[in-house]
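See structure below.
All values below come from the heavy atoms of this structure, side chains included, with hydrogens, waters and symmetry mates left out. Along the sequence shown, residues are numbered consecutively beginning with 1.
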Amino acid sequence: MTTEGGDARGEPSDLDSWTQALVAITTDSETRQYALDLSHRAPGSYRERTTPEQAALDARELRTLFVGERPTVKTAASKSDHRFAIRAVGAERFHIRRLAEKPVELTALLPVLESFGLVVEESVPYRFELREGLAVSIDDVGVHLVNLGSEASTFDPATDGPRLVEALDAVVTGRTEVDRMNRLVPAAGLGWRDISLLRAYTNYWAQCDPPVPVADVEEALIAFPAVSRSLVAHFAARFDPGADGPEPPVRAACIAELARVPLLRWDRALRVVLSLIDATVRTNFYQHGRSREPRETVTLKLESASVPQLHAPFPRVETWVHAPGVEGIHLRAGLVARGGIRWSERPDDLRTEILDLMVAQVKKNAIIVPTGAKGGFVCRVPGRPSPADVRRCYEVFVSSLLDVTDDLAGGKVASPPDVVAHDGPDPYFVVAADKGTAELSDLANELSAAHGFWLGDAFASGGSHGYNHKAMGITARGAWVAVRRHFHQLGIDVQREPILVAGIGDMSGDVFGNGMLLSETIRLVAAFDHRHIFLDPDPDPQISFAERMRLASLHTSSWADYSAELISPGGGVWPRGVKEVPLGPEARRALGVETERLSPPEVIRAILEAPVDLLWFGGVGTFVKAAGEPDSEVAD
């Protein structure tokens with residue numbers, strides 16, 4: 001039965017044929033309203049290029065975008081201000097439609113699509129108001145898939161499209177990254193989290209001073225998608241709590257796939273990943289967050305001695321954390337070990353930095369606890385990380401470490417949920433403050449409590465219930481006692497008489513920063529760290545002390561924050577990446593050199609040999625040796 005001027009569903013009877021076809025396809029009233037809005041408000045070009053069947057799918061996606069399946073609180077893991085969909089499936093060509101509230105330039109979308117091996121043939125953007133005040137952006141992008149692997153692609157947009165759509169969404173929302181490893185989504189039939197797993201292993205391998213280049217490993221994984229698929233299956237057999245098949249047959253299948261690789265170079269590269277999987281003893285990969293969403297972070301706990309071709313010294317165990325915004329590593333020389341966690345600014349050799357510090361920590365801890373540990377993380381954000389960035393990265397890093405750590409309940413060891421452990425009980429894990437994390441011990445203890453970890457607020461020293469070793473300057477004060485004794489034997493009171501000082505470090509560092517505040521008569525003429533070179537040839541003790549105090553009070557600082565007008569003539573601050581450092585007569589006299597321009601390495605050498613009273617080391621553990629003494633003899 002119809003009503004006057006309409007059909008049985010109450011729709012106007014004077015609709016054009018395109019709109020009538022569109023309305024006829026839609027089934028529920030809310031989606032039908034979006035379909036009518038599309039018909040009335042979309043530009044004519046949209047109707048010309050879009051069939052009613054495709055428009056009905058757009059209406060459904062727009063409804064989902066604006067009123068359905070939308071979290072009330074947007075987070076990095078769940079924000080959804082767009083929808084991807086695959087349309088116009090063809091033999092070798094298909095369309096990807098992006099429906100969003102805000103437009104995006106094609107130049108921004110191209111790298112994302114190309115990372116999946118998709119070549120863009122055309123792009124048609126539609127920009128209009130779906131309703132009053134409700135802007136809509138639809139990008140219709142025609143693509144075809146480039147086959148870069150060793151085998152013909154079997155990607156079918158109709159069946160494999162949802163996996164690709166999910167991966168595109170993960171990239172755009174920041175849950176995973178834009179790089180060529182994404183090509184394994186269509187080529188190997190892997191999901192975006194599988195790619196994150198392989199990426200975590202390759203990024204860890206890059207930190208190991210690898211004899212097999214990381215580029216070879218990445219290229220081999222992409223070139224042999226069947227092997228990549230079998231490696232992920234082997235990982236699942238080892239660590240998925242619900243794995244169907246036993247591990248040995250799956251590993252044998254992986255070896256069989258490797259046997260088909262024709263070149264030794266690729267075979268060596270792929271066996272690196274296999275060996276790393278074998279060296280892994282725990283992972284959080286199959287854990288879920290509180291919202292039951294899969295975790296973005298991949299945590300891998302490895303037995304160091306089993307890592308292939310790793311250089312000595314070997315920690316007992318190391319845990320690698322990989323996430324889009326942060327990466328970090330924690331090294332322990334033994335199961336009962338103590339050491340701090342630092343914010344590192346050395347993304348390319350993070351493991352080397354932390355390993356050196358762990359070795360130093362082992363020696364420092366020889367009397368108080370059995371052995372040492374050290375951890376560090378880098379913030380992978382554009383520009384210099386803010387204090388909020390550092391805090392967020394620290395939280396992700398520490399939480400991820402706790403994810404794979406055993407607990408104690410009633411005196412018995414309890415493994416974390418959804419974690420298959422291939423090592424023995426390991427419930428002892430503590431952290432301490434370090435560079436950039438001095439104020440974060442309370443946060444660490446909050447994370448410990450949230451995990452229900454047995455140590456509670458004893459997990460991190462330096463919080464409200466402990467001591468802040470940087471604020472107290474414990475290490476620097478102890479070292480300064482030795483300085484005072486040395487100068488006392490020379491007849492100099494360093495608390496009253498000026499001394500010339502050069503050093504390694506900056507005022508944000510614990511040892512360097514606190515040490516340079518222990519006497520108001522210090523005349524700091526030169527210093528350097530991994531970022532800058534600082535020269536102040538004739539400093540006023542009182543003025544320079546006050547400025548150092550100001551820098552030390554900042555949450556983070558570098559020599560670039562030093563007020564230029566307070567530096568004496570001939571001095572300044574230069575990034576270590578500059579080509580040359582100009583040296584005026586005042587700077588040349590302070591450094592004891594004659595050359596008017598030196599490269600940064602040459603200036604650093606001059607600082608180390610400068611005619612000063614005290615050389616203050618406040619950076620990473622430093623070894624001092626005679627010119628004729630070989631490195632192998634410097635073990636103190």
Using 0.5 Å steps for rounding, measure from the [atom1] atom of [X] to the [atom2] atom of [Y].
X      : Y      : atom1 : atom2 : result
Phe397 : Leu402 : CZ    : CG    : 10.5 Å
Ile222 : Leu198 : CD1   : CG    : 10.0 Å
Leu276 : Arg271 : CG    : CZ    : 13.5 Å

So which atom in [X] and which in [Y] form the shortest heavy-atom distance, rounded to 0.1 Å?
X      : Y      : result
Asn445 : Gly456 : OD1-O, 3.6 Å
Ala323 : Glu177 : O-OE2, 4.5 Å
Met507 : Ser557 : C-OG, 4.1 Å
Ile277 : Leu231 : CD1-O, 3.5 Å
Leu310 : Ser304 : CD2-O, 3.5 Å
Ile607 : Ala526 : CG1-CB, 3.9 Å

Would you please classify the geometry between the Phe459 ring and the Phe429 ring as parallel, tilted or perpendicular, with 30° and 60° separating the classes?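 Ring orientation of Phe429 relative to Phe459: perpendicular.
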Is there side-chain contact between [X] and [Y], with at least one heavy-atom pair below 4.5 Å?
X      : Y      : result
Ile533 : Pro600 : yes
Ser544 : Leu566 : no
Tyr394 : Ile341 : yes
Val404 : Val281 : no

Give the C-alpha distance, both sets of side-chain angles, the deciding distance and a yes or no for salt bridge (Lys or Arg N to Asp or Glu O under 4.0 Å) between Asp529 and Arg576. CA-CA 9 Å; Asp529 65 0; Arg576 285 185 58 168; over 6 Å; no
Salt bridge [X]-[Y], side-chain N to carboxylate O under 4.0 Å:
X      : Y      : value
Arg332 : Asp426 : yes
Glu580 : Arg597 : yes
Arg268 : Asp216 : no
Glu594 : Arg588 : no
Lys374 : Glu353 : no
Arg351 : Asp209 : no

Check: residues 609-617 side-chain donor-acceptor pairs under 3.5 Å, at least two apart:
{"unit_1": "Asp613", "atom_1": "OD2", "unit_2": "Leu500", "atom_2": "N", "d": "2.8"}
{"unit_1": "Trp616", "atom_1": "NE1", "unit_2": "Val511", "atom_2": "O", "d": "3.4"}

Quick check: are there more than 12 heavy atoms from other residues, nucleotides or ligands sitting under 6.0 Å from [atom1] of [X]?
X      : atom1 : value
Gln489 : CD    : yes
Arg316 : CZ    : no
Arg391 : CZ    : no

Counterpart residues, side-chain contact (heavy atoms from CB on, under 4.5 Å), relative to [X] (two or more places apart):
X      : value
Pro313 : Leu355, Val359
Pro210 : Trp205, Val214
Pro537 : Ser568, Glu586, Ala587, Ala590
Pro370 : Val336

Under the ring-ring contact (aromatic ring centres under 6.0 Å, His included) definition, can you give me all pairs with a residue in residues 584-605, not counting sequence neighbours?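 Checked against ring-ring contact (aromatic ring centres under 6.0 Å, His included) - neighbours excluded - no pair reaches residues 584-605.
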Below 3.5 Å, can you tabulate the donor-acceptor pairs from side chains in residues 515-524 to any protein atom, sequence neighbours excluded?
{"unit_1": "Ser519", "atom_1": "OG", "unit_2": "Val494", "atom_2": "O", "d": "2.6"}
{"unit_1": "Ser519", "atom_1": "OG", "unit_2": "Thr521", "atom_2": "N", "d": "3.2"}
{"unit_1": "Ser519", "atom_1": "OG", "unit_2": "Thr521", "atom_2": "OG1", "d": "2.9"}
{"unit_1": "Thr521", "atom_1": "OG1", "unit_2": "Val494", "atom_2": "O", "d": "2.8"}
{"unit_1": "Thr521", "atom_1": "OG1", "unit_2": "Glu497", "atom_2": "O", "d": "3.1"}
{"unit_1": "Arg523", "atom_1": "NE", "unit_2": "Pro539", "atom_2": "O", "d": "3.3"}
{"unit_1": "Arg523", "atom_1": "NH2", "unit_2": "Asp538", "atom_2": "OD1", "d": "2.4"}

Return each pair, listed once, that meets side-chain hydrogen bond (donor to acceptor under 3.5 Å, both in side chains) where at least one residue sits in residues 476-488; pairs must be two or more places apart or across chains.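 Output for this query lists Trp480-Gln495.
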For [Y], is there any backbone N or O sitting under 3.5 Å from a side-chain donor or acceptor partner on [X]?
X      : Y      : answer
Ser399 : Glu395 : yes
Asp506 : Trp559 : no
Thr299 : Thr283 : no
Glu318 : His330 : no
Ser558 : Ala560 : yes
Ser344 : Phe377 : no
Thr437 : Ala433 : no
Asp536 : Ile567 : no
Thr405 : Leu401 : yes
Asp389 : Ser386 : yes

Tell me whether the NZ or CZ atom of Lys435 lies within the 45° cone about the ring axis of Trp343 and under 6.0 Å from its centre.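 Ring-cation test returns yes.
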Residue pair Trp574, Leu535: steps toward the side chain to side chain contact (heavy atoms under 4.5 Å, CB included) verdict: CA-CA 9 Å; Trp574 292 269; Leu535 297 178; 3.8 Å; yes
Would you tell me whether [X] and [Y] have side-chain atoms, one donor and one acceptor, within less than 3.5 Å of each other?
X      : Y      : result
Ser400 : Asp403 : no
Thr371 : Arg338 : no
Glu327 : Tyr204 : no

Partner residues of Tyr428 under the ring pair (Phe, Tyr, Trp, His ring centres under 6.0 Å) criterion, sequence neighbours left out: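 Tyr428 satisfies ring pair (Phe, Tyr, Trp, His ring centres under 6.0 Å) with no other residue.
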Output all residues satisfying side-chain hydrogen bond (donor to acceptor under 3.5 Å, both in side chains) with [X], sequence neighbours left out; order by chain, then residue number.
X      : result
Glu303 : none
Arg199 : Thr176, Asp179, Asn182
Arg384 : Glu345

Would you say the rings of His322 and Tyr201 are close, in the sense that their centroids are separated by under 6.0 Å?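 No, they do not, as the ring centres are separated by 6.0 Å or more.
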Could you check, using the six-membered ring where one of them is a Trp, whether Phe528 and Phe534 have ring centers closer than 6.0 angstrom?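 Not close enough - the centres of the two rings lie 6.0 Å or further apart.
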